Amino acid sequence: MSTKTLYDKLWDQHLVKQRDDGSALIYIDLQLLHEVTSPQAFEGLRMANRKPWRISGNLATPDHNVPTTKNERREGVNGIADPVSKIQVVTLDENCDEFGITEFNMMDERQGIVHVVGPEQGATLPGMTVVCGDSHTSTHGAFGALAHGIGTSEVEHVLATQCLVQKKNKNMLVRVDGELSPYVSAKDVVLAIIGEIGTAGGTGYVIEFGGTGIQSLSMEGRMTVCNMAIEAGARVGLIAVDQTTIDYVEGRPYAPKGEQWDQAVEAWKDLVSDEGAHFDNVVVLKAEDIKPQVTWGTSPEMVIAIDQAIPRSEDQTDPVLKEGYARAWKYMGLEGKSVLADITLDRVFIGSCTNSRIEDLRIAAEVVKGRQVAESLKQAIVVPGSGLVKAQAEAEGLDEIFTQAGLEWREPGCSMCLAMNADKLGNGEHCASTSNRNFEGRQGFGGRTHLVSPAMAAAAAIAGHFVDVNELVKH
Amino acid sequence: MRAFTQHQGIVAPLDLANVDTDMIIPKQFLKSIKRTGFGKNLFDELRYEDEGQPDQECTGRPLREDFVLNQAKYAGSSVLLARRNFGCGSSREHAPWALDDYGFRVVIAPSFADIFFNNCFKNGLLPIQLSEENVEQLFQEVANEDGYALSIDLEAQTVTTQSGTSFSFDVDDFRKHCLLNGLDDIGLTLQDQDAIKSYEAERQQSAPWLFVNKG
Ligand code: SF4
């Protein structure tokens, strides 16, 4: 068998040692670090008197805990009001100093959400293995890189050895054929995929996303798709390298230059699955069938198209689903509601490692431009993914468009995606959110999250409830 | 790492599918820079009526009476019985830390999310995958009998009920070996440091762009 999938190739290129028991030692090219999952790993290193194996194989930035209001940010770590959050951010600064690891700290314009920062800097390159103590590390698979989230013990393991002990996963291909409709974005595509295969559909697999519906996406869009591979149960999402990938990487600060660039591009051209390569599972979706998606429940698989009725527990046959739906209905307060438009929204959040890149902000701005946020809304915030995304958006005047429409323009960070800082939902509040998880309590105690694309979140902010963005822009 | 060989303990049934790591340990408790002390906040939102805060004393907080861990008959349980896709969501290792700190040594479910599954082994916590039918049978048995306990033998790869029924489970050799002997992964990997060095040297030649210095 000489044909290989992209995953097979990446695996083979990083295999340091195959062990007899079926496990393998895999070399890690890049580890990204943030303040929440690294302190215990650094502590472990210190306790065992170990040094990082290769310092240049690491890059750090705080993101989960950092405040996103100008006032708090002005003073850097000292401005963090929550003392516990502050300790974590300070600890990251200290650990990076002590071990000599490059960190974009809170005062650095390059600071941002790790998964936005890595690609933006060209730290993430095609053909790499990338890990981070964060499940959305799958994002970097958009570059044809083998990237996945790990736990803190493994963060320590990679710091100490630049390797991970792994077992090979199975290959799954998710193909999206055809052409996407207007205002149907990468987010809708990946939500539709999760709706199709379920949140455990990809467990044990590496998912490669392919087909014209994927190839036509920008790098930003591809990152959105791979970001949510983990929400389909797959630790890794992958997209083959093509000209779009190479054009995005060229000229980035850590990308190769000159002769090395040519050499790298030559090598990257092979980062595709061979014709006829074997996949253990293949799922095909038609791009034309995908409509703007909205989650109604407390799991990303509880998702429907904007024009569908909210599914009811009593219509389910599987007892586990029946129970799960009933619980979700109760938590989400859906009694007496039948369609998404019946839900009154309290807040709108545009941001997170799923949708906080420049393209996401451009489309949201396009939708709200010249319109006003619904009066019934308590808050609508836009949180750019990094300091550089923020600067770019401001250079294009997007911040003005947002603030004129009544949305708040914030400083970069994870923010309301997981509500570790002050940005959070109140008990029972409904939020249209461009993030990736609608779990119970994810955005705040008792908060009710509905996952949508940036265009749909923007449209919801204007209407005060969910609407098909295509309808809204017509008027 | 603490070794795991055999264990016998009371079973707590958590009859819920897709239990995610946000449920196991909500994010406000992730602000700790330690590995211990998470047990009192395990399943915080399911367990208490109010919203928990880090560093808060938990005795005296209002309990959700219907939650499994709040029921007297499951006091002292150390085997958690759960439904499919247990541990999905965030990669936080705080989830196995919290389960461990609370006193769980084993989690049994029909399926687990990959990262959580992997994280358990690093912390001497044994995740056991049994078929949907076997898990269903255990849920029924635990509902019918107070003080229901199971015996787990990692060496033999079996889960045995008090009436003597035995289910076998799979576990891969490397993980089993590490868990049985309480081995530290890093130490093991460093035994292969020559292999890592020669791999690195070769890669530096063939793909030098992977080794840029970040400054
Ligand atoms: S934006 Fe949300 S999902 Fe992404 S890294 Fe931050 S907290 Fe995690």
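All values derive from a computational prediction rather than experimental measurement. Chain letters run A, B, ... following the sequence lines, proteins first and then strands; every chain starts at 1.
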Contact class of [X] relative to chain B, heavy atoms under 4.5 angstrom:
X       : result
T91(A)  : side chain
E43(A)  : neither
S23(A)  : side chain
A48(A)  : neither
L30(A)  : side chain
E156(A) : both
R442(A) : both
E35(A)  : neither
Q443(A) : backbone
D82(A)  : side chain

Determine yes or no for a side-chain-to-main-chain donor-acceptor pair under 3.5 angstrom, with R64(B) supplying the side chain and Y48(B) the backbone.
yes
Who among D173(B), L190(B), D15(B) has the most heavy-atom pairs with chain A under 4.5 Å?
L190(B)
When D184(B), T21(B), L30(B), N123(B) are compared by non-hydrogen pairs under 4.5 Å with chain A, the top option:
L30(B)
Fit a plane to each ring of H7(B) and F4(B), take the angle between them on a 0 to 90° scale, and name the class: parallel (under 30°), tilted (30 to 60°) or perpendicular (over 60°).
tilted
If the plane angle is over 60° it's perpendicular, under 30° parallel, otherwise tilted; pick one for Y27(A) and Y199(B).
tilted
Does any heavy atom of chain A fall under 4.5 Å from the side chain of R84(B), the backbone, both, or neither of them?
side chain
Where on P208(B) is there a heavy atom nearer than 4.5 Å to chain A: the side chain, the backbone, both, or neither?
both
For R327(A) and E440(A), run salt bridge (charged side-chain N to carboxylate O under 4.0 Å, His left out): C-alpha distance rounded to whole Å, both residues' side-chain angles, the deciding distance at 0.1 Å, then the answer.
CA-CA 10 Å; R327(A) 190 183 162 91; E440(A) 290 181 19; 2.9 Å; yes
Taking ring pair (Phe, Tyr, Trp, His ring centres under 6.0 Å) as the test, write out the residues that go with Y325(A), two or more places apart.
W296(A)
Any residue meeting side chain to side chain donor-acceptor pair (under 3.5 Å) with W53(A), in chain and number order, not counting sequence neighbours
E200(B)
